[in-house]
Colleague: 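Dumping the structure here so I can ask a few things about it.
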Amino acid sequence: MITPVRVRFAPAPTGLLHIGNGRTALFNYLFARKERGTFILRIEDTDAERSTDASIEAILQDLRWLGIFWEEGPDGKGQNGPYRQSQRLSLYRDDAEKLLGKGKVYKCFCSPERLESLRKEHLSRGMMPKYDGRCRSLSEGEISKLEAGGLRPVLRFRVDKGMIVFEDLIHGRMNFDSDGIGDFIIVRSDGMAAYNFACVIDDHSMHISHVIRGDDHLSNTPRQILVYRALGWEPPVFAHHPLILGPDRSPLSKRHGATAVSQYREEGFLPDALLNYLVLLGWASPSGEEILSMEEIVEAFSLSGLSRNAPIHSRKKLEWINTQYIRKTDKDRLTQYLLPYLEKGGIAVNQLDGKYLTQICGLLKENLFILSQVEEYLGIFFDEKFFLEEEAKAVLVAPQNREALQTVLRVLEGLAEMEGDSGPSLLTQLEEKTGLKGKSLYGLLRAGITGKMKGPELVRILPLLGKERMIKRLKMALELSQLKKDESSKFES
RNA sequence: GGUCCCAUCGUCUAGUGGCCUAGGACACCGGCCUCUCACGUCGGGAACACGGGUUCGAACCCCGUUGGGACCA
């Protein structure tokens with residue numbers, strides 16, 4: 001019989017969800033969907049010092065936002081729980097006892113100081129720092145004596161000679177000589193299970209079939225396989241993917257810029273765009289297509305297709321992908337996405353005409369590559385945010401433009417209210433009346449009406465602004481021009 | 001220090017012994033479009049880390065060197 005595919009994503013709740021972890025979650029999720037398996041979320045919060053409930057909440061929220069959903073997890077779903085390591089301590093204790101009984105692990109009383117000097121000594125002699133096994137064969141008597149003295153032992157795994165071989169779905173056959181592995185700790189002196197131990201117990205009891213995780217765990221794997229064997233269990237299949245690096249080839253961290261999924265959300269990246277980007281770091285669709293829907297990705301995805309070298313994060317590529325997604329989004333939906341950013345920019349969106357808002361958003365979508373950029377354009381459409389940029393001012397106060405401005409104003413004042421498609425005819429009319437065309441006219445209008453030198457197409461902006469607002473803004477521009485004129489004439493006299 | 005992983009344009013990658021004078025995408029540069037930015041479109045520069053083998057033939061296989069990364073504490 002074929003064992004059902006069960007995979008897990010197991011973050012430590014010590015902070016925000018990193019995009020690297022998001023990518024690991026994604027690979028697991030994709031594999032589960034591809035194989036019609038189960039995706040499980042487990043929280044590795046044995047580090048009580050650094051783990052917080054707030055972080056757990058944030059991680060769950062980020063995963064949901066990304067559209068990565070779990071069938072079993074700490075929020076009550078699933079029959080193989082609990083799904084928080086901090087609630088599984090008794091399980092670890094039971095299996096540790098079992099191993100102790102079988103002589104697979106032993107109590108070690110060596111002090112941190114001794115361990116440290118041992119390590120230094122090894123290092124200085126050009127040897128690998130590895131536990132020397134001093135407590136390996138302590139007698140019952142010695143153990144009770146030490147314990148009576150108040151010493152709390154750690155539990156160490158007895159590593160025997162031999163080769164540990166396993167097949168990694170991404171790297172192929174892996175060989176490790178157990179000689180390179182010292183007797184490692186499975187339970188700390190405070191009774192807390194060590195990572196390599198807890199992880200095995202959890203994966204086994206949750207019936208995990210495939211462990212898909214970062215490369216950083218590759219050399220932990222032989223230790224874990226040893227634990228599986230000692231307990232008489234069959235290890236799962238492993239797949240270790242490389243970690244994302246920063247532009248300097250060091251592990252991606254805060255000094256390289258935004259690393260958290262939530263930061264990208266706040267900046268205005270779309271979840272599907274982030275996911276699409278993340279899967280492209282280390283994987284290419286056989287078709288060569290780069291913008292792919294989740295369905296298409298699931299269809300084409302395979303673990304063996306993952307690259308073995310570590311990818312470097314490229315903000316530019318992410319932005320490009322996000323642009324593609326923004327442009328694909330229909331304007332009603334985009335308006336919904338943009339609402340929070342408008343509010344943040346100080347626009348009372350609930351007092352606005354929904355249709356007007358949708359029109360603005362539809363227009364802006366050609367110009368945005370992240371949602372938060374909408375704030376840059378607020379001044380075009382909302383008077384309370386309107387202001388003249390320096391370059392725009394320069395255009396407006398130029399003496400040769402003064403007359404043209406006045407002409408434009410006259411035309412506008414004689415105009416009936418603007419209709420939706422009256423942009424082109426108005427512009428034609430202005431060309432005739434001012435005798436200007438091309439850049440000289442459009443640039444002037446753009447400066448006076450939007451206060452900026454760049455933005456969406458002018459023809460499409462005009463009807464959205466309406467006659468009154470254009471007149472108001474152009475009058476401001478004229479006043480400025482007048483002021484400048486007075487100044488310079490004063491200067492001359 | 002030991003063990004392990006990795007090595008194609010600046011970046012993500014395609015490529016699994018002849019289809020490769022190495023393909024695509026982002027970025028960059030230039031043309032076109034155009035009131036601007038962006039989009040779009042057309043074009044350009046740009047890579048098999050190095051050295052040995054194996055082979056009629058190597059980006060692809062083997063060994064070494066160099067470089068990067070991880071783990072071990």
Side-chain angles (χ1 to χ4, degrees), chain A residues 112 115-131 159 164 168 170-172 174-185 195-196 214-223 240-252 277-291 304-324 326-327 364-369 373 376-377 389 391-392 395 427 430-431 436-447 449-450 452-462:
Chain A
L115 262 17
E116 179 56 25
S117 66
L118 185 68
R119 183 180 152 261
K120 282 200 177 124
E121 189 198 325
H122 280 173
L123 245 30
S124 69
R125 291 182 16 209
M127 291 164 61
M128 160 178 46
K130 177 172 112 170
Y131 182 62
V159 177
I164 300 140
D168 186 283
I170 295 168
H171 292 278
M174 294 286 105
N175 294 288
F176 288 85
D177 191 335
S178 74
D179 206 35
I181 304 171
D183 289 353
F184 56 94
I185 296 174
Y195 170 75
N196 281 320
D215 249 351
D216 49 340
H217 290 297
L218 197 48
S219 38
N220 277 325
T221 305
R223 283 170 245 274
H240 290 95
H241 68 256
L243 263 23
I244 302 177
L245 305 180
D248 60 356
R249 297 199 167 271
S250 69
L252 186 65
Y277 166 73
L278 254 16
V279 79
L280 249 28
L281 279 184
W283 178 81
S285 152
S287 72
E289 289 292 318
E290 298 209 308
I291 303 298
S304 57
L306 283 183
S307 168
R308 279 176 300 279
N309 33 331
I312 292 170
H313 174 50
S314 163
R315 164 107 190 176
K316 287 278 187 199
K317 182 88 180 218
L318 208 206
E319 285 174 353
W320 175 74
I321 291 176
N322 204 48
T323 313
Q324 304 304 308
I326 287 178
R327 295 170 71 84
L364 248 25
K365 96 172 180 184
E366 313 289 327
N367 295 66
L368 301 176
F369 59 86
Q373 277 180 306
E376 288 173 29
Y377 295 106
E389 283 180 351
E391 299 92 300
V395 172
L427 287 169
L430 288 175
E431 278 181 12
L436 293 172
K437 57 187 198 175
K439 210 166 190 162
S440 47
L441 173 63
Y442 283 80
L444 182 63
L445 284 175
R446 179 179 292 283
I449 291 172
T450 72
K452 298 178 190 310
M453 298 310 289
K454 51 188 189 182
E457 258 187 293
L458 204 53
V459 203
R460 298 173 67 190
I461 295 175
L462 302 182

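Below, read A as the first sequence line, B as the second, and so on, with proteins coming before strands; counting in each chain starts at 1.
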Colleague: His171(A) side chain N/O closer than 4.0 Å to the phosphate oxygens (OP1, OP2) of C6(B)?
Modeller: yes

Colleague: If you measure from the P atom in G45(B) to the same atom in C60(B), how many Å do you get, rounded?
Modeller: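 Comparing P positions in G45(B) and C60(B) gives a spacing of 25 Å.
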
Colleague: Report yes or no: is there a donor-acceptor pair, N or O only, under 3.5 Å between the side chain of Arg446(A) and the base of C35(B)?
Modeller: yes

Colleague: Under 4.0 Å: is that the gap between some side-chain N or O of Asn367(A) and OP1 or OP2 of U36(B)?
Modeller: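 The answer is no; no side-chain N or O of Asn367(A) sits under 4.0 Å from OP1 or OP2.
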
Colleague: Across all strands shown, which nucleotide pairs with U16(B) by Watson-Crick or G-U wobble geometry, both distances under 3.5 Å?
Modeller: none

Colleague: Where is the tightest heavy-atom contact between Asn220(A) and Tyr195(A), given as atom of each residue plus distance?
Modeller: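 Nearest pair, atom of Asn220(A) first, then Tyr195(A): ND2-CE2, 4.0 Å.
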
Colleague: Which base sits across from C50(B) as a Watson-Crick or G-U pair, both distances under 3.5 Å?
Modeller: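 Pair assignment: C50(B) / G64(B).
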
Colleague: Let's test this: given Watson-Crick or G-U wobble pairing with both distances under 3.5 Å, identify the partner of C28(B).
Modeller: G44(B)

Colleague: In Watson-Crick or G-U wobble terms, both distances under 3.5 Å, what is the partner of U21(B)?
Modeller: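 Here U21(B) is not engaged in any pair, so there is no nucleotide opposite it.
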
Colleague: Of the candidate nucleotides A70(B), C5(B), U36(B), which contains the atom at the shortest distance from the side chain of Pro251(A)?
Modeller: A70(B)

Colleague: What about Asp216(A): does its side chain form a donor-acceptor pair under 3.5 Å with the base of C71(B)?
Modeller: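 No, the side chain and the base share no sub-3.5 Å donor-acceptor pair.
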
Colleague: Between C61(B) and U8(B), how far apart are the two P atoms, rounded to whole Å?
Modeller: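 Going atom to atom, P in each nucleotide, I get 13 Å.
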
